[in-house]
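Note: hydrogens, waters and symmetry copies are ignored here, and every other heavy atom, side chains too, is used. One-based numbering, in listed order, for ligands and for the atoms of each.
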Amino acid sequence: MHVLAMLDGTLADPEAAHIRVDDLGLLRGDGVFETILVVDGKPRELGPHLDRMARSAAMLELPEPDRAAWQRCVDVVLGAWQGGAEMALRLIYTRGPESGGPPTGFALGGPIRAKVLRNRESGVAAVTLDRGFHPDIVAAAPWLLLGAKSLSYAVNMAAMRYAEANGAQEAIFVGSDGSVLEGPTATVVIADGNTLRTTPPTSGILPGTTQAALFRAAEKAGWSTKVEPLRVADLRAADGLFMASSVRKITRVHTLDGAALADVPDLHAELNRLYESEY
Ligand code: PLP
């Protein structure tokens, strides 16, 4: 069910070993990645994903990704895919072997996990979790790599497990000043009337390609959009709270920290329509 292409454009067996045991991506999570949604053979937001991978690579001081090689690698996976209408396409780019050598790069296509599909339909409960930093630290401490999509996602995965152990399917990180940040793998979006809001990348979050696509569509349809700091109280008071990411699309949050949120009729469907209208 998976399709693997190496960065040189060759197809490879996804069930065989290809990565050296001294690869720094494996040893230290020292690399970057992207996850792209492909629908009916067309990758969504490929340009913004490649731009963001280049930006993350620059933050980690990795060699600049070869855009043409990545485009070709993506095309090889798309051409070989025989799975369903939707694919999650991961691009992985690491610093390569510890002993030196070129970076490691590959693209891996696979199905969307059943849990993600279920959550798109049924919505999710979310818990707020302290991320442990003040947004002021972002500019002063570039080594924290806040806002880079690095392979060091163990903290993000631990937060998801913590949420699940506490009866939720999503986490929403909050800064030590109480400001809302993002989910471990998703952007926070709220809707109020005809306004969409999300939190600013200056607070150390990853700029989301799905949120950007939704906001683009919403503006064309006459909504207003704002990128500004949000508090947890804003999430509770909104007409709707959503988690946006490539594989989730726009997933509704129905419960926050154990309390049911407003359920404005047709709002989720309307946001889905807006997002889909971009493709
Ligand atoms: N924030 C984080 C930390 C993420 O890891 C992701 C994606 O995985 C997102 C936000 C959403 O980004 P996108 O919409 O580009 O998938």
Side-chain angles (χ1 to χ4, degrees), residues 29 31-39 43-57 59-60 74 86-93 107-110 112-113 115-116 119-120 124 126 128-129 131-133 135 138 144-163 169-175 179-190 196-218 225 227 230 241-253 271-272 274-276 278-279:
V32 299
F33 76 109
E34 286 293 325
T35 305
I36 300 165
L37 178 66
V38 179
V39 182
R44 293 189 167 179
E45 306 302 317
L46 181 59
H49 280 289
L50 292 176
D51 291 345
R52 192 170 66 187
M53 185 162 76
R55 188 175 148 268
S56 298
M59 289 173 77
L60 271 72
V74 165
E86 288 195 350
M87 180 207 315
L89 176 59
R90 281 189 275 205
L91 310 185
I92 311 286
Y93 183 57
L108 180 65
I112 312 287
R113 287 176 305 148
K115 186 162 76 173
V116 173
N119 290 346
R120 279 189 200 163
V124 292
T128 53
L129 300 181
R131 184 66 178 81
F133 69 80
V138 177
L144 293 180
L145 299 179
L146 295 167
K149 198 163 168 65
S150 88
L151 284 171
S152 303
Y153 258 39
V155 166
N156 304 46
M157 297 301 101
M160 290 299 275
R161 285 194 302 276
Y162 188 91
Q169 295 81 39
E170 284 283 358
I172 294 178
F173 285 133
V174 176
S179 61
V180 174
L181 299 173
E182 63 185 341
T185 63
T187 311
V188 173
V189 172
I190 61 174
L196 295 180
R197 290 194 173 78
T198 193
T199 52
T202 47
S203 60
I205 65 157
L206 192 74
T209 64
T210 313
Q211 167 269 317
L214 173 65
F215 278 33
R216 215 164 56 220
T225 62
V227 180
L230 297 174
L241 169 61
F242 303 90
M243 305 301 287
S245 81
S246 300
V247 294
R248 275 177 192 77
K249 301 187 174 178
I250 316 296
T251 293
R252 177 173 172 249
V253 180
L271 296 195
N272 276 337
L274 286 171
Y275 163 74
E276 293 293 338
E278 281 298 291
Y279 306 103

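You'll find the side chain of Phe133 reaches within 4.5 Å of the side chain of Leu181, heavy atoms only. Counting only heavy atoms from C-beta outward, the side chains of Leu108 and Ile92 never approach each other to under 4.5 Å. Between Phe242 and Lys249, every side-chain heavy-atom pair lies at or beyond the 4.5 Å cut-off.
Under the side-chain contact (heavy atoms from CB on, under 4.5 Å) criterion, Val39 pairs with Leu37, Arg44, Glu86, not counting sequence neighbours. Here Tyr162 pairs with nothing under the ring-ring contact (aromatic ring centres under 6.0 Å, His included) rule; sequence neighbours left out.
Using a heavy-atom distance under 4.0 Å as the criterion, the protein contacts of ligand 1 are His49, Arg52, Lys149, Tyr153, Glu182, Gly183, Pro184, Thr185, Ala186, Thr187, Leu206, Gly208, Thr209, Thr210, Ala244, Ser245, Ser246.
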Review item, side-chain donor-acceptor pairs of residues 182-189, under 3.5 Å, at least two apart:
residue: Glu182; atom: OE1; partner: Leu206; partner atom: N; Å: 3.1
residue: Thr185; atom: OG1; partner: Arg248; partner atom: NH1; Å: 3.2
residue: Thr185; atom: OG1; partner: Arg248; partner atom: NH2; Å: 2.9

